[in-house]
Amino acid sequence: MDSFDFRPGWDIAEVIAEELGLDLEVVARTIDMLGADKTIPFIARYRKEQTKDMDVDKLRDIERLLQELKDVQAKAKKVATMVHAKGALTPDILADLQLATTVSEIELVFSPFKPAKKKSLAERAKLIPGLNTLAEKLSKGIPFDPHDHVNVHVEGKKDVKTLLAGIGHIIADQVNNNKEMGGYLKEIAKDPQTRLDVTPSKVRQDSKAQPTADAEKYQVYFSRRFFHLGDIQDFHVLAINRAEKENVMTVKVEFTDRSLRTFKNHFHDRYVPRNVPPLVFQIWEDICKDTMERLMIPRLTREIRSNLTKKAVEGSLGIFGDNLKHLLMAPPVSGKIIMGIDPGFTHGCKLAIIDETSAVLQTAIVKLHQRTATSQKITRFLTTYRCQIIAIGNGTACRETEVLITDLLKQPELKMLDCSFCIVNECGSSIYSVSQVAIDEMPDLDPCLRSAVSIARRLQNPMAELVKIEPKHLGIGQYQHDLPKGPMEKKLDSVVQDCVSFVGVDINSCSPELLRFVAGVGPSMAERIIKHRARQGNFICRKQLLEVKGLGAKTYEQCAGFIRVNASDFAFKNGPSGDIPTCSKEVGDIASTSKATTIKIEDETDDEDIKILCIKRKRGTKLTKTKKAKKQKTFVANPLDTTWIHPEAYDSTERLLCMVGLSTAELGTPEMKKEVDQLVTSLGSEGIAQKIGVDIHSLEIITKGLTRPNFDLRSKYSGAVFKKGVLSLDQLRVGSTLTGQINNVVEFGAFVDIGVGSNGLIHSSKMRGITVNQGNKVEVAVLSIGQPKGKKCRIGLGLKRVL
């Protein structure tokens, strides 16, 4: 082909709609919005009419598949260009590339043209004079005598065996690259009886590779020996992959005789000529065997292992994302003074007390073995700061610290405070304590004490604190350290963005680490907003965000609805008259003019709208430039900025307020709720929406914003479990009924903190069909208690109910 025009033979929206089982029109509209740089949180909340109220997870699936399919099309075009450059692009090859919807299909087409450091057996055979012709004759059933083509002076033709082997390599390569045979391979790969066989690896004494992990923890896999593809679980695949990587396990894919016979029959039907002599038939049998054992089965094995791993990674990412979501969405413990304790033996227990705004009030280090002095110091801190809540990290010495705090809370002076404590996941606190974020926040504090502050803040406002730590360090999920870095970071960033956006941020108190996850903002814009706040003072309204350098209308549209400007944060308070707060802004000062001025020149700059007054002095004097005052801009506080109502719907909201005869001053009052409910009952939602010019979904956001402006989505999720006593492992009995909190959900069950120092496991078979999430409070029955190993013990639990 002299030239070609690459046009994919399939539509991205149609493929996504079919794969996800979604409405094609909705998928197409979503793709258009994503193409217009609309963010998923914005689409999910403010464009429900166009997506038919599709949930955010489905929107994320569309976004993921859209990128994958775009990558496939780009790769197919690139491969077509490369093959065309070799002068080998035919209409059939171009058609195959245009119809390819997966990378594996593209690789199959490209494999004959892929450059290799070492030539394949087929490539070498093709270079031997006459072998291509003989392979063609054999394929067409044209008889020939191999002995007539033997030449002892030519490599590859010195004897009949070598000659036939070369012919077989050429034909085997043709079979391996045949698209039709590739389709048969896919059918074999779907056979649920195909299995993975696992055995302990045999490491030779002279081998440099030595097992890097204890094989004991994989004993359950060795005792099972094999896993059918039809029932293998994602966590099985990840565990097997890890064991194989650690040189503990050898893995082999075993195909059923039925599958191999199927492939053999297809091979004979497709390639072997009819009614060939027995000797020729045996040649074809040898070629079939070589094709299967040397090319097709290894290729199929790689494809099966790759597909299993891909599916396992996607499943594990889903579990990790769900756990992270529930961890971030844990309700905050607001308005409380909290003591955070980072337990430890060698370096002692680190203490930190924070106030209601997360400011550090007191820090100290105490030793558990100095019980009297430690008890006195903790008691003094609790009583001095009137602290009622203690957050204990779940690391080393957690159990001993629990016992100490339990004994302290029984003292008369602390009983009056009504103190309680809870266990907080401290994973990642040590990494955070030496990070640049922690150094910037607490430059004068020792890293050990910073971790105690982090533990206290995790309880006070989990989301605000946990966004400072990479999610992979939070100790949740399933084989998260074995997941590929890129997809994991992308998945977890999307979960954090959804959580932060749907909860919202207070623009005048949020950190840049939290603000960067707001839809449309990002790290660099977050830094600009924070710098603008530090330089100009607190924001008084959402519209003031447009004053931030680089923040244009498109970014404002995406982020405005998720940013709140609370009245208590205004830098300019209401005056005695009770007027709405306003903010006036000037740029620069008017410079005093010089007595020696002879000529005045005004130079007006477009980007900042600032007039520069240039004063030309007499020769020998300096030329000075001063800034002339910019015209004042006045920003007025809008109570709607404290709600979920997007600024694009403010005019419609005002029309609704006129209909109920109220103003924004009555936001969230019983009167507002009463009037709005009566209006909805009288006119109906569709009637109201039509009158104020919005759709039903936008009306719902407006009415909720007017009646429940301070609603926190996190209130729907499970919070911390507070307690005043501790249960020891010795007190645990089979059959006991306990309450606990889910701290990690995996594919094979859920781990529960029941307060005995070791997590119990509710196996998936003991769930009774009930779905649990990270953070849920549950009632469980103790089913088994294993032999303690050190301070840990395996505890089997059965789920009774979710509290």
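Heads up: numbering here begins at 1 and tracks the sequence.
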Quiz item: Run the side-chain hydrogen bond (donor to acceptor under 3.5 Å, both in side chains) check on S358 and Q460 step by step: do they pass?
Solution: CA-CA 8 Å; S358 295; Q460 189 176 63; 2.4 Å; yes
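For Y432 and H473, the gap between ring centers reaches or exceeds 6.0 Å.
Between E465 and K468 there is a salt bridge, since a side-chain N of the basic residue sits under 4.0 Å from a carboxylate O of the acidic one. Electrostatic pairing of K490 and E68 does not count as a salt bridge here, judged by no charged N lying under 4.0 Å from a carboxylate O.
Note: S454 OG to M442 CE = 7.0 Å, rounded to the nearest 0.5 Å. T771 contributes atom OG1, which lies 10.0 Å from atom CG of D322 (distance to the nearest 0.5 angstrom).
Note: Y717 and H326 have perpendicular aromatic rings, judged against thresholds of 30 and 60 degrees for the angle between ring planes.
Heavy atoms of other residues, nucleotides or ligands lying less than 6.0 angstrom from CZ of R708 number 12 at most. Applying the 6.0 Å contact sphere to NE2 of H763 captures more than 12 heavy atoms from other residues, nucleotides or ligands.
Remark: of the listed residues W644, F502, F562, F562 is the sole one forming a ring pair (Phe, Tyr, Trp, His ring centres under 6.0 Å) with Y46.
Between the side chains of N425 and N743, not a single donor N or O lies within less than 3.5 Å of an accepting N or O. In this structure, a donor-acceptor pair under 3.5 Å is present between the side chains of D71 and Q67.
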